[in-house]
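Read through the structure below, which is laid out as structure tokens, and then see the notes.
Just so it is clear, the values below take in all heavy atoms, side chains as well, and ignore hydrogens, waters and symmetry mates. Naming convention: chains lettered A, B, ... in sequence-line order (proteins, then strands); numbering from 1 in each chain. Nothing here was measured: the structure is a model prediction, and the numbers come from that model.
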Amino acid sequence: MAEPILTCSSVWKLFGPKPRSFMGRHGGAPDLAAILEEGYIPAVRDASLDVNAGEILVIMGLSGSGKSTLLRCLARLIEPTAGAIVFEGQDLLKASNRELTQLRRHKMGMVFQHFALLPHRTVLQNVAFPLEVQGIDRRTRENRAREMIQLVGLEGRERYYPRELSGGQQQRVGIARSLAVGPELWFLDEPFSALDPLIRREMQNEFLRLQNMLQKTILFITHDFDEAIRLADRIIIMKDGIIEQSGTATELIENPETDYVREFTKDVARDRLLSVATAMRPAAAGEATHGEVRADSTLADVAPQVIEAERPVAVVDEKGELVGVVDRFRLVDAMYSDRS
Amino acid sequence: MASERTLGASIGGTVAATRRLVRTPGAGPLLVLVPFVVLLALKPILPAAGIVWPATIAVPFIDWINVVVDAFRKHEIFGAFTVKDVTRAIAYGIEWPLDIMEGLLAGGFKSIGIPAIPWVMIAGLAAVFGWWLKGWRLALLAGGCIVYFAIFDKWSLSMVTLSLVLVAAPIAGAVGVALGVVAVKWPPFERALRPILNVMQSLPHFSYLIPVAVFIGVSHRAGAIATILFAIPPMTRLTILGLKGVAEEVREAGRMAGCTHWQMLFKVEIPAARDSLMLGVNQVIMQCLAMVVIASFVGARGLGQDLLLRLQSLRLGQALENGVAVVLMAVMLDRLSRALSEKQPERRPEGPFWRVHPYLVAGAAVIAASIVASQLTPYAQTLPRSATITTAPFWDEVVRVITTTLYDPLEFIRGDLLVHVLIPLRTGFQWMPWIAVAALVGTIGWRLAGPRLAATAAGFVCFIALTGFWERASITAYMVFFALLVCLLVGLPLGIWASRTARRTRFVQLLCDTFQTFPSFIYLIPVIMLFQVGDVAAISAVVLYAWIPIVRYTVFGLRGVPAETIEAAVTAGCTPRQILWKVRMPLAFPEIMLGVNQTIMFGLFMVILAGFIGTKDLGQEIFRALTFADAGKGLVIGLCVAFIGLAVDGLVTEWSTQRRRQLGLA
Ligand SMILES: Nc1ncnc2c1ncn2[C@@H]1O[C@H](COP(=O)(O)OP(=O)(O)O)[C@@H](O)[C@H]1O
Ligand SMILES: [Mg+2]
């Protein structure tokens, strides 16, 4: 079990005139009606989560559900109204400005939806910027920036200005900049939402490639469930400032805890998401099988084989050992169980 | 008694009229006129103080201000020196950059035997600068203007003016940016600053001159200080706008990179607000230039002073010659600074040094060549008088031909227009009781945005009345009103015509840009030439100066109507005329009203300036105040003018915003 490196418990963020005293008056946990009645905006309510080292945690929700606000509370770009946030054993909410600056300079990186590049700086200068403000000398920081530019596949564009680049290229610069200081914790706030669908796909692959190499701890925000499924180790679904449910993609689809989550997960292509393991049953002793499939392949991959097979198909793990069987009825059941 | 009967009848009549008005469908907006109309009708029984506040009981704002100014001026700090000493010391501080700049550009430094920069070098460098900014056209324009000054015998005058601008603009810019930064970082300061900026930007130029004359005296440096003061507000405003416009994400990117506060300001916020700031630089330069002539009233030297002298002695040809030089200077500085604000950072080409830095190399070449040339011939250093050309005789001839051939039509305009139109209109404006006007403004404000706007707008009117300058102010208002009518008559058709095709739009925009570059004082020259002095002259000057915004906003509004809306109208079978009047005009109307608003602002500025050519309005009073260095009077009249502007501005802007929101355009 991985250690959580970032923990947040019962974080609240209300926008309004005097949110702290309002919270106090309502015993630290006001209900929605009270919040709205007094004209406060409930951006985040009672959010608790752990981010484990090396995982990709995706926060998912419709626009206005409080994702960005939660993320910014975690980076303490905005002050939470209540709650506790602990990063590597340090209470972030008690950190002084100076400590925060140091943390951001060395341990955190962020990628923004609209890239947030500095228009008056070249690609190289943009990527080197976080190093420059630390006072690192020019040669060192530019060498490091060149490495990062190469990493995101923009070599040759070092002297370009942001306005000369396409959206996808600009976001590559944003990614390179956020990685320049070698952060442990990597925040991405809808990094691909402003891009065309085709480019988005390409950038997602690029992102997975980078993560394979770098193994960062990642908090990734999206409003696109398909993107979440593609990228996430774990997904958190938010609605109206509240965390509705968290878990792996499969858990969310298999066991939605609320109607909202069910509604959300209804239209995903389950066959491409669920693994054979979710559809198999234990093999009866001496059961005759026809062919075999891997337990970790998706249902879509094995569907033709399973449907054409006259008898149940054997399911094996990565070592080739039999772990169960699957037949066409179980397959259809798993794929369409939510319709029943 | 007879008067009571008429009174009863008039009240009865008004009430009936009001009832009819209320019952008429669609008369809703007209209801705001009710208090105004009622008060007009009640004029016969209004107390005299409600019609024109008598000067005898006018609130003595002027005396109060003068007491403060006087106390302030003589106030001793540590018993050693007075505030006036301090202001004078500051003024001396500005003397040496002025001297250095003037020495460099024109006079040289005689005491240490260093000559001024040769004129060929200045021309060459101006050209290289233009080339770097935007290409050969701008190079030609910049270099050409400098050459013009040299050849047409305006060298030292124009270089004095240029050095004044080159010293005043950076100082005003720096102060303006600093104020803007503080305002953005510290909201209470902004709340205090905003109304001050509003008033400062609506104060006529002359209001800046009088306090400067009082605290600093009359001199070239006083002119520089007045210029700086006048140019600060737009820079501050654009700084605030720019810094606030920096995307929150960009700021967050800075914080996540671990910027300190100063790094944030200088490495993120200010560079990211660059476009806005550079626009501010352009405005500062143009404001400085607008003050060039006016500042000569407190002793600024240069083209402006020369122009003023010629104008005062009615040497119109020579004044025109100077006017051309001022215009060229304005056009040159405007185009250069605008190009600077539009210039985006560019990727450097790779290769040998001259390829990477072609402009540096060209600049160095110009410097070397002109040093050599000035060693070879004194003509490259300064053109001697004998080698220059004067165009004054030509302009004199132009003036003579125009005034003689146009004598009859001009006489007609001067005479008949005045007698049959202007004087009755003026009488009408003067006839209106101030209470009625305050009520009108207040009701409109109330209807638009409730008691706050009503109180401010009506408060402005009351202030004017209570100062005792109501009659003067109503003359000012009538002149601006009539000029506005003429501007609408000319500007609306022109704007509609121009909005038809992109080509026409470009053409008219160029026209507007060019005219707007001219410093306002320039417009007085042709007006004096054609109409000498008086109301007609003043109104023509206002029209000449103030037609621009109405055209600009009309074109902008009409072209801004969404193409889809027009397509929908075409599909619905509208004729072009119907499209214009039923679709485009209603949608563009809020924008056009903003143009009207701007035209009124421009008009107020000009009408005060026209006090110079003999009007009987606030402008004349402000000139008197200037002559007697009466700071209190100058400021109070300035405030009267500013408040007319602010009252109109508050109402029109509010209306336009609401209307655009209703139309879904905002
Ligand atoms: N600075 C702010 N002031 C007031 N309300 C805000 C502010 N920032 C966000 N909100 C509100 O908080 C809610 C959550 O916003 P956000 O976190 O940006 O949502 P998401 O990123 O999921 O789209 C929204 O209703 C938004 O309007
Ligand atoms: Mg968001």
Inset, instruction - Let me know if A:F115 has heavy atoms under 4.5 Å from chain B in its side chain, its backbone, both or neither. - result: backbone
Inset, instruction - Find out whether the Lys NZ or Arg CZ of B:R347 is both under 6.0 angstrom from the six-membered ring centre of A:Y161 and within 45° of the ring's axis. - result: no
Legend entry - Residues, nucleotides or ligands: over 12 heavy atoms within 6.0 Å of A:R163 CZ: yes
Inset, instruction - Would you mind telling me which of A:R76, A:R121, A:R105 has the largest number of heavy-atom pairs within less than 4.5 Å of chain B? - result: A:R105
Inset, instruction - Go through A:M110, A:H114, A:M108, A:E132 and name the one with the most non-hydrogen pairs under 4.5 angstrom from chain B. - result: A:H114
Inset, instruction - Go through B:K267 and A:F129 one step at a time and tell me if the side-chain contact (heavy atoms from CB on, under 4.5 Å) criterion holds. - result: CA-CA 9 Å; B:K267 287 182 186 264; A:F129 180 68; 3.9 Å; yes
Legend entry - NZ/A:K18: more than 12 non-hydrogen atoms of other groups inside 6.0 Å: no
Inset, instruction - Below 4.5 Å from any heavy atom of chain A, which atoms of B:A253 appear? Answer side chain, backbone, both or neither. - result: both
Inset, instruction - Hey, could you give me the CZ/CG distance between B:R255 and A:L77, rounded to the nearest 0.5 Å? - result: 5.0 Å
Legend entry - Region of A:L118 in contact with chain B, defined by heavy-atom distances below 4.5 Å: side chain
Legend entry - B:E248 portion near chain A, given a 4.5 angstrom heavy-atom threshold: neither
Inset, instruction - Taking all heavy atoms of B:P345 and all of A:H120, pick out the closest pair and write down the distance. - result: CG-CA, 4.2 Å
Inset, instruction - Tell me, for A:Q113 versus chain B, whether the close heavy atoms (under 4.5 Å) come from the side chain, the backbone, both or neither. - result: both
Legend entry - Region of B:E252 in contact with chain A, defined by heavy-atom distances below 4.5 Å: both
Legend entry - Residue, of A:P119, A:G174, A:A116, A:P130, that accumulates the most heavy atom pairs under 4.5 Å with chain B: A:A116
Inset, instruction - Using non-hydrogen atoms and a 4.5 Å limit, figure out which bit of A:L103 sits close to chain B: side chain, backbone, both or neither. - result: neither
Legend entry - Heavy atoms from other residues, nucleotides or ligands near CG of A:N97 exceed 12 (cutoff 6.0 Å): no
Legend entry - Residue B:F129 excluded, over 12 heavy atoms near CZ under 6.0 Å: yes
Inset, instruction - Tell me, for B:R348 versus chain A, whether the close heavy atoms (under 4.5 Å) come from the side chain, the backbone, both or neither. - result: both
Legend entry - Approximate separation, where rounding is to 0.5 Å, of A:T101 OG1 and B:H261 NE2: 8.0 Å
Legend entry - Stepwise side-chain contact (heavy atoms from CB on, under 4.5 Å) check, A:V133 with B:T260: CA-CA 8 Å; A:V133 297; B:T260 60; over 6 Å; no
